[in-house]
Each structure stands twice: as structure tokens, then as C-alpha cells.
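Bear in mind that the values here come from a model prediction, so they are computed numbers and not experimental data.
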Amino acid sequence: QDMQWKAVAEEFNNIDRYRAEIEDLKLLIDSVNKQQRKAEVEVRLRNGHPHLEKVQAEALNLTAAIANQESSLEELQQSKMDTSMLLELENWYQQAENIDSQKQSLANKLISLQQEIASLEALFVEHGLSTQSWETDLDEQESSLRSAQQTLQQQETQLKVQLKLSEFADNLHDGEACPLCGSLSHPHPMGMENLSELENEILQKFESLNGELKTLHAKRKVITRQATSLLDKQQQCLELQGALDHQEKQQQEHINSFLWPNFSADNKDAFSSYKDENKHKEEAIKSAELALKNVRQELQDKLARIDKYKATLKEFEQEIAVLSGILRQNEGQLRLLNAADYMAIPASKLQERKDFLEESIQQIDATYKLLTDSINQLNNQLAEVIGKRGAAKEQFQQIIQQLSSRQAEVAALLNEHNYNDIVEVQTVLNKNIDVPAMQKIIQEFQVELQITQTKIADLQLKTQQDNFSTAIYEKKTA
């Protein structure tokens, strides 16, 4: 244990150096990583400048291209025709087309109405009527039919009278007076044969006249409807004609409002060519504007990339400056190691050395703690033994004192009772006295005496075997 303690003590004396080396290794590991990062950033910085210069050159080319496209666009816009005049002229043609369309529509409606009127007038002709006097004609026809009916009615009345007379004639007898004339002679009585035929003929004619009147009434209804429709259509025709005249007047006024000498009010071809040409120019302008917008957007992208490259390169320069400062600071904080001797060593190797030292320190600390705990335990045990030894000595002294006191008491008692020694006392005790009680007392005393003597012998033996030295203890724990 002493050899182990010496080995640990030697390593423990170097523990501060190990810790200082660990701190240096931490700085060196950080410096190696920072140096590697610095080298990477310097490479990216060197490679970034050509990219920046390339994008800047592309931005200059785009700026020149934008200037050329803007000039071309301006020329196109200046050569573009007057849009407002084009819109006014197109509006004029549109109004002219609307007026002509309305006029044509009115003319078509008028023609259609005229055809319908002609058809209605033809119906009047078919019925043998005039469109002006059809009512008079129909009234005359009805009057004629009704006059014929009256004539037939008169004939029918006369015929009925004759038939009545004929009945009287059939009832006449010679020698009897006639009820009408009172004559007794009846040489030529009236016959009934012809009268019946006449009556049938009159009835047939009357029925025929009634049929003609019914037909005439139906015809009147039809003609009345046709006449009403004809009047309505004639009125519509007059209105359409008035609207058509108004449209023609409006068309003429619109033609008189034509103020563009380079174009024709009757022919739209020149305007259409003008419009198509202007449309092509507008499309060319839109295409040029779109191309210009795309180039400007591309320029904005390039400028944004330039700003980004500049910011990145500036960040690289700042990072290099910061890394250089950290490297100088780390080098200045080294206590044991020289930075130049370790900068070429990989950080992983330095990390391995650092981990080894940290593990060694942990082992030294653990061993030192274990030995310290062991020493403390031995010290505690030694203190316990010393305490027990002192207690045994004190107990031994107390027992010696008790023994001496008891011996003195026994001697005094022997002397007081005139006994020469203890044998005489035992002889007395063997007499008729309370022997068991006395024996018990004596036995207990003997047992206690033997125990005390045994403890004294053990303490003397331990004292002889124990080579404890306070000087040696202090040296070991120094």
C-alpha cells in the first residue's frame, strides 16, 4: 500500500501539469479547427471573386440591353397610331352599322307588313269586295237578300190567301151560296194543284235566302276581322315608314358628321387596314414591353445576386478576421505547449491526447480518493485501537487499585479479627456459618479477578505487538 501510495503521489504531483496541458490541448484543438475553417473560407473567398466579377459583367450587359430595348420601344410607341382617333372612328363606323342595321330591320318589317296587307287585300278581292267600301257592299247584299225575303213573304201571304180561297172553292156546291160572294152559281172554282207547287217553291227560296244571309253574316265576321287586321297593319306600316324615314334622316346626319378625310364613310377597308396595322404595332409594343420587363427582372436578379455575393464575401472576410483573432488569442493563452509544434497535427489526434490525459486525471483522482479513504479508515481504526488501549490501561489501573484496596481491606480484616492469613478465615468459614452465601461472594470475586487478569494480559500482549508511532503516521499522511 505504501508503494501504491508513492506511485499515486508522484502522479498526483503532476496533475496540475496534466490539467494545464489539457487546457492547452483544448485551445490547440480549437485553433486547428479554426485554422481549417479559415483555410476553407479563404478558398471560398478566392473562388467567390471571379463569380462576383462574372455576374457584375452580366449585369452591365443587361443594363446596355435594357437601354437598347427602351430606345426601340420608344420608337415603336412614337410610330404607333392615335388610339383615341382610332376609337372615335371605330365608334362612328359602329354607329353607322347600327343605324343601317336598324334601317334594314325596319325596311324588312315594312316589306313584311306590305306583303301581309297585300294578302289581306287579295282576300277582299276574292270576296268581290273593296277595302274601302266593303261594309257598304255587304250592307247592300244583305239588304237585297232581306228585300227578296220580304217579296217571298208577300208572295207566301198571297199564296196562303189563295189556298184558303181554294178550300172554300172545294167546299162549294151548286145551289149553295158562296161564303165570300154569295153567288149560287160556281162556274169556275179555283184549283189547289198549282198553289201547292208554288208554296213549296216559295219555301225553298226562303230557306235559300236564309242560308245566304247566314253565309253573309259569317262572311261579314271574317271580313270584319280582316279589315281590322288590315287597318292595324296599315297603321303599323305608316309608323314603320315614319321610323324608316327617321332612320334615313339620322343616317344622313351621321354621314354628314364624318370628319376623317383619309377614310371613307362608305368603305371601311381603309379603316380595317389601319386598325390591323395599329393592332400589329400594339402587339409589337406589348412584346417589347414584356421582353424589357423580363430583362429588367433578370437585371434585378443579377443585382440581387451581386449584393448577396458581396455580403457573403464580406462575411467571409469578417469571419477570417475573427478566426485570425481567435488563433492569436488561443496562441497567447498557451502555458505549456508551442502552437507551431501542434498546428500540423490533426484535431482528432489532439483530442485523443486530451481524452487520455482527462482519463488519467480521473484515474489518479479515483486512486487518490480510494487511498485517502483507506488511510482515513486506518486512521479511524488506529484511533479506535488507541482509545481502547487507553481505556484498557485505565481499567487495568482501576483493577490494580481495586485489588490493592481489597488486599488492604482483607489484611485489615484479618488483622482486626486476629487472623494470620486467609486460610484461617476459610477454616472459620467452613464452620457453621452461611457457607453458600459466603462462597457465592468469594466465587464472584474470583471470577471478576480472573477476568481482570485476562484483560491485563491481553492489553500487555497488544502493547508489545503494536509498533505504532505518531511520527510515522504524520509522515504517511503528509
Side-chain angles (χ1 to χ4, degrees), residues 87-155 202-261 263-272 275:
L87 292 174
E88 290 177 0
L89 186 56
E90 185 175 14
N91 185 43
W92 188 94
Y93 280 116
Q94 185 64 42
Q95 290 181 1
E97 290 177 356
N98 291 337
I99 292 173
D100 187 66
S101 177
Q102 293 175 1
K103 178 183 173 183
Q104 188 63 37
S105 176
L106 290 172
N108 292 334
K109 289 181 180 179
L110 183 60
I111 291 172
S112 177
L113 278 174
Q114 288 173 349
Q115 291 175 352
E116 292 177 1
I117 289 171
S119 297
L120 291 173
E121 289 177 346
L123 291 174
F124 279 88
V125 173
E126 289 178 2
H127 290 91
L129 299 173
S130 171
T131 58
Q132 304 296 328
S133 60
W134 63 273
E135 289 181 313
T136 303
D137 294 342
L138 290 176
D139 289 340
E140 289 179 354
Q141 291 179 13
E142 185 178 1
S143 176
S144 176
L145 291 173
R146 292 193 181 279
S147 176
Q149 281 184 335
Q150 290 177 358
T151 301
L152 288 175
Q153 286 177 352
Q154 292 175 358
Q155 291 176 0
I202 288 171
L203 290 175
Q204 290 177 356
K205 287 181 179 181
F206 194 82
E207 290 177 358
S208 176
L209 289 174
N210 284 333
E212 290 180 3
L213 280 173
K214 289 180 180 179
T215 302
L216 183 62
H217 289 160
K219 181 178 180 181
R220 180 183 286 274
K221 289 182 180 180
V222 173
I223 296 300
T224 300
R225 288 196 300 269
Q226 292 176 349
T228 303
S229 177
L230 179 61
L231 289 175
D232 291 339
K233 293 185 183 299
Q234 287 174 346
Q235 181 63 33
Q236 292 177 11
C237 188
L238 291 175
E239 293 174 357
L240 285 174
Q241 186 62 49
L244 184 59
D245 294 340
H246 177 73
Q247 285 297 113
E248 289 178 350
K249 181 180 178 181
Q250 187 179 1
Q251 186 180 36
Q252 188 60 43
E253 290 175 354
H254 188 66
I255 291 173
N256 294 335
S257 67
F258 192 80
L259 303 176
W260 297 275
F263 299 93
S264 173
D266 300 330
N267 191 345
K268 195 179 176 181
D269 293 341
F271 167 74
S272 299
K275 182 179 178 181

(Q) What's the separation between atom OG in S101 and atom CD in Q247, rounded to the nearest 0.5 Å? (A) 9.5 Å
Q | Donor-acceptor side-chain pairing of N108 and Q104 below 3.5 angstrom | A | yes
Q. Rounded to the nearest 0.5 Å, what separation is found between the CG atom of L106 and the CD1 atom of I111?
A. 11.0 Å
Q. Got a second to check how far D232's CG is from C237's SG, nearest 0.5 Å?
A. 12.5 Å
(Q) Filter on ring-ring contact (aromatic ring centres under 6.0 Å, His included), then keep only pairs touching residues 210-257, sequence neighbours left out; what's left? (A) W92-H254
Q) What's the spacing between F263 CZ and S272 OG if we round to 0.5 Å? A) 10.0 Å
Q) Under 3.5 Å, side chain of S119 to main-chain N/O of Q115, donor-acceptor pair present? A) yes
Q.
Which heavy atom of L89 sits nearest to which heavy atom of F258, and what is that distance?
A. CD1-CE1, 3.7 Å
Q) For D100 and Q251, which heavy atoms make the closest approach, and how far apart are they? A) OD1-NE2, 3.5 Å
Q) What is the distance from atom CG of L110 to atom CD of E239, rounded to the nearest 0.5 Å? A) 11.5 Å
**Q.** Separation between CD of Q236 and NZ of K109, rounded to the nearest 0.5 Å
**A.** 10.0 Å
Q: Using only heavy-atom distances, determine whether the side chains of D245 and Q241 contain a donor-acceptor pair under 3.5 Å.
A: yes
Q. Are L240 and L244 side-chain neighbours, meaning at least one heavy-atom pair lies under 4.5 Å?
A. no
Q: Could you tell me whether the side chain of N98 and the main chain of Q94 form a donor-acceptor pair under 3.5 Å?
A: yes
Q.
Quick check on K268: does its NZ atom have over 12 non-hydrogen neighbours (other residues, nucleotides or ligands) under 6.0 Å away?
A. yes
Q: Could you walk me through whether L231 and Q235 pass the side-chain contact (heavy atoms from CB on, under 4.5 Å) test, one step at a time?
A: CA-CA 6 Å; L231 289 175; Q235 181 63 33; over 6 Å; no
